Amino acid sequence: MTPGAFAVVATTREVLDAPGLGPHLLAPWELRRLAAIRVPARADDVLAARLLLRLCAARATGRPPAATGLAQHCPDCGRSGHGRPHLPAHPGLGVSVSHADGLVAAAAAPGPVGVDVEPAARRPGPLPVLRRVLPGPDLREALAAPDAGPALLRAWVRAEARFKAGRPPPEDVRLKEWTDHRRAAVVAVATVAVTAGPVLLPPSALLGGPAPAGGP
């Protein structure tokens, strides 16, 4: 088991090419959701994200990836199979997952956690949407930057990570944001009820194989 909070970012291909991983590790409800996706690239992203999430849960709990008991429940509609992922057998452990255009990220922490990943070249918008999603100070700071596009993207992933952590009071959130230059990804992780920010693990820590030179 890995104590504390940690996060992993990888490309979809890194996950799907790892030995021993595949749809056989998913639960029936996950397979049904996967089968309903008609765009192959998106289906690959979802599969890779579900697998990486399972590996994070396995590392955090000490259980095999196929036996982590991952579930999802939507508090708005009351139905299972979507909404925030959780581990019923480990109610004190939070997990989160994100995927976007060939990139996947997952995180685990003792307490609520949220992770978001976006391609570094993406530019969020339009402005009316940003005004609804981003905190006012973050939006004003990003718009005042010499190059507002990257600043808005960083603000976006921070907001998404906070939202996935359950929208806790800002003073309770520890936020870590970084750019994974190797994978051209911008990532943010929000943790609650932990004394230290998340440790960034290289994909090799979960997928096997040598760690690449130059960090995660």
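This structure is a prediction, so every number in the text was calculated from the model and none was measured. Computed from heavy atoms alone, side chains included, the values below leave out hydrogens, waters and symmetry copies.
- The shortest non-hydrogen separation linking P198 to K176 is O-CD, 3.7 Å.
- Residues L51 and L47 are in side-chain contact: their nearest non-hydrogen atoms beyond the backbone lie under 4.5 Å apart.
- Closest approach of L21 and V15 over heavy atoms only: CD1-O, 3.5 Å.
- Counting non-hydrogen atoms of other residues, nucleotides and ligands closer than 6.0 Å to CZ of R42 gives a total of 12 or fewer.
- Expressed to the nearest 0.5 Å, how far CG of L134 lies from CZ of R162 amounts to 8.5 Å.
- The two residues R84 and F163 come nearest to each other via the heavy atoms NH2-O, 3.6 Å.
- Taking all atoms of both residues into account, the shortest heavy-atom contact from L153 to R122 is CD2-O, 3.4 Å.
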For this session: Would you please test R154 and E141 for salt bridge (charged side-chain N to carboxylate O under 4.0 Å, His left out) and show each step?
Result: CA-CA 11 Å; R154 292 193 296 271; E141 180 181 354; over 6 Å; no

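- Between D17 atom CG and L207 atom CG the span is 10.0 Å, to the nearest 0.5 Å.
- Counting only heavy atoms from C-beta outward, the side chains of R54 and E30 approach each other to under 4.5 Å.
- Contact record, T191 with A5: CG2-CB, 3.9 Å, taken as the closest heavy-atom pair.
- At a threshold of 4.5 Å between non-hydrogen side-chain atoms, the residues R33 and I37 do not count as touching.
- Looking at L201 and L206, their side chains come closer than 4.5 Å, going by heavy atoms from C-beta outward.
- In this structure, CG on L52 lies 10.5 Å from OG on S98, to the nearest 0.5 angstrom.
- By the 4.5 Å side-chain criterion applied to Ile, Leu, Val, Met, Phe, Trp and Tyr, L53 is assigned to a cluster that also includes L70, L87, L93, V95, V97.
- In summary, the side chains of T12 and D44 do not present any donor paired with an acceptor at a separation below 3.5 Å, with no hydrogens or angles considered.
- Between A58 and R63, the shortest heavy-atom contact is CB-O, 3.1 Å.
- We find the OG-CD distance between S204 and E14 to be 9.0 Å, quoted to the nearest 0.5 Å.
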